[in-house]
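One structure is given here, and the rest of the page talks about it.
Protein chains get the first letters and strands the later ones, always in sequence-line order, with residue 1 at the start of each. Nothing here was measured: the structure is a model prediction, and the numbers come from that model.
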2 protein chains.
Amino acid sequence: MARIAAADRRARLAEAALTVAARDGLAAASTRAIVAEAGMPLASFHYAVPSRDELLRDVVGLVVAQEGDAAGALLGDAADVRGALRDALGGYLALVRRDPGREQAMFELTQHALRTPGLHDLPAEQYARYHAVAAALLETGAARLGIRWAVPVADLARLVVGITDGATLAWLADRDDAAAERVLDLAADALAVFAAPDTGSKETR
Amino acid sequence: MARIAAADRRARLAEAALTVAARDGLAAASTRAIVAEAGMPLASFHYAVPSRDELLRDVVGLVVAQEGDAAGALLGDAADVRGALRDALGGYLALVRRDPGREQAMFELTQHALRTPGLHDLPAEQYARYHAVAAALLETGAARLGIRWAVPVADLARLVVGITDGATLAWLADRDDAAAERVLDLAADALAVFAAPDTGSKETR
DNA sequence: ACCTGTCTGGGACACTCGTCCCACTATGGC
DNA sequence: GCCATAGTGGGACGAGTGTCCCAGACAGGT
């Protein structure tokens, strides 16, 4: 094994942990499985990271950061509110479908953190970040479409995240692509209700 | 330990497993923890149940049955569609708040089943049942209000379950009661869009 | 060139896990 | 009353876990 600074090793371990958790589940992401994925000896683990739970904290940060990057691409070029919402929701589902294990690993991570004393604060931060990303997306989307949201964006963002989480959970359970698409159709219809005219442009539906 | 038929023991073990999983998490629901909760010797476990995963199958059945019973009570006596939806959603959230561990245990169970070869079919059945319960609730609610749903009830049911799952997940993460209530306000507004007049009664909103 | 401190990696500890074996005992049908 | 059958329960096995120790090796600053 080459000589690598402890901080670098920690980052590599976080990535390896995410890979293993996405592929085999969080429960299978043992310290041994993680170092095997990273190609390191076991002892490097606790040299770079104080504990396994501490590394999981890094993993959440890793995914949350990636999620923020990916969010921008969800904004399509639809001209009406319903279409824009539908595109964004559909884009998210496509992301989940391309790598179901990763999304599932995030759910497992949240549940694990909720049960682990040292990680109790993690889920709140994680979801605050999700909500912030969704809110930003809603704001820039509204600006691009020339509308405003008739209700607080923070609340709307929380609803949007809830809908995507819920749709993801159901799709993970039954893998019903068509049903998932139909739900997003309805969700886009429903959410479009909250669009209001702003700079003289027309409201949808 | 008194003499108990194996089938009875199996049922008691399923209840004990649910208790432990709700209180301490699914990962803590080991065979030893379950028999301790049930007040049985460890060997009774594999006399009554072939394996731990087989028992978890029973646990899902147990909760799903209870969920079906509880659903009926969610129908309030609101006269308009939005109010009825809001009451039902709020009732569900109240259920979650009264026993967060149980709901969390169900999420953990779904995730675990998705990762466990012998339990792959479980989540699909579980969610099919959820969707059926929601659909039945939507149907009887519509009949009571004298409206019809403008979109397929099966799709609407899937959306409703998704919204409740999503709201639950976010609330479990940050325990923000007020935000959860505001989201349900929006959700009720949004879902009311799908109500259409049927027997001459008035549409809301 | 040396030497302090960072990094390596094999091995082990103490523990928990699911599962199983087997000697034992109470029970219901004859 | 006897005996096959169903239920009991202590104990153990092998595998897997997170964490830690410690002897060794390499690096950069002097």
Side-chain angles (χ1 to χ4, degrees), chain A residues 1-14 16-21 23-60 105 108-109 111-113 115-119 122, chain B residues 1-14 16-21 23-60 105 108-109 111-113 115-119 122:
Chain A
M1 199 66 217
R3 266 181 107 77
I4 304 173
D8 284 358
R9 241 175 229 283
R10 183 169 176 149
R12 295 197 196 189
L13 283 170
L18 178 57
T19 302
V20 175
R23 191 204 318 128
D24 306 320
L26 183 63
S30 63
T31 54
R32 284 166 180 80
I34 293 170
V35 296
E37 179 70 31
M40 297 181 192
L42 177 56
S44 293
F45 192 97
H46 285 94
Y47 184 77
V49 183
S51 75
R52 176 175 178 264
D53 282 334
E54 206 63 34
L55 183 70
L56 295 185
R57 203 174 269 279
D58 286 19
V59 173
V60 172
E108 293 172 315
L109 255 169
Q111 301 300 317
H112 171 77
R115 297 287 194 186
T116 306
L119 261 35
L122 239 194
Chain B
M1 198 66 217
R3 268 181 105 78
I4 305 174
D8 283 358
R9 242 177 229 283
R10 181 168 177 149
R12 295 198 197 188
L13 283 169
L18 178 57
T19 303
V20 175
R23 191 202 320 126
D24 306 320
L26 183 62
S30 63
T31 54
R32 285 166 179 81
I34 293 170
V35 296
E37 180 70 32
M40 297 180 192
L42 178 55
S44 293
F45 192 97
H46 285 95
Y47 184 77
V49 183
S51 75
R52 175 175 179 264
D53 283 334
E54 205 62 35
L55 183 70
L56 295 186
R57 203 174 270 279
D58 287 18
V59 173
V60 172
E108 292 173 315
L109 255 169
Q111 301 299 317
H112 172 77
R115 297 286 194 185
T116 306
L119 261 35
L122 239 194

Mind calculating the distance between CG (B/Leu13) and P (D/dT8) to the nearest angstrom? 11 Å
Heavy-atom nearest nucleotide on DNA chain D taken for B/Ala7 and for A/Ala28; more 5' hit belongs to B/Ala7
Interatomic distance, B/Asp24 CG vs C/dC17 C1' [rounded to whole Å]: 16 Å
Quick one: does B/Arg10's side chain get under 4.5 Å of B/Glu54's, heavy atoms only? yes
In whole angstrom, give the distance that lies between atom CD1 of A/Ile4 and atom C1' of D/dA25. 15 Å
B/Leu13 and B/Met40, any side-chain heavy atoms less than 4.5 Å apart: yes
Let me know, please, whether A/Tyr47 or A/Leu42 comes out on the 5' side of the other along DNA chain C by nearest nucleotide. A/Tyr47
Rounded distance (Å) that lies between atom C1' of C/dG28 and atom CZ of B/Arg3: 10 Å
Would you say the base of D/dG18 and the side-chain of A/Arg32 have a donor-acceptor pair closer than 3.5 Å? yes
Expressed in angstrom and rounded to an integer, what is the separation of B/Phe45 atom CZ from C/dT19 atom P? 7 Å
Considering just the side-chain nitrogens and oxygens of B/His46, establish if one lies under 4.0 Å of OP1 or OP2 belonging to C/dC20. no
Would you say a side-chain N or O of A/Arg52 is under 4.0 Å from OP1 or OP2 of D/dG18? yes
Distance check: side-chain N/O of B/Ser30 vs OP1/OP2 of C/dT16, anything under 4.0 Å? no
Using side-chain heavy atoms (C-beta onward) and a distance below 4.5 Å, is A/Val60 in contact with A/Leu119? no
Just so I know, are the side chains of A/Thr31 and A/Ile34 near enough to count as touching, which here means a heavy-atom distance under 4.5 Å? no
For atom CG of B/Leu55 and atom C1' of C/dT19, their distance in whole Å: 14 Å
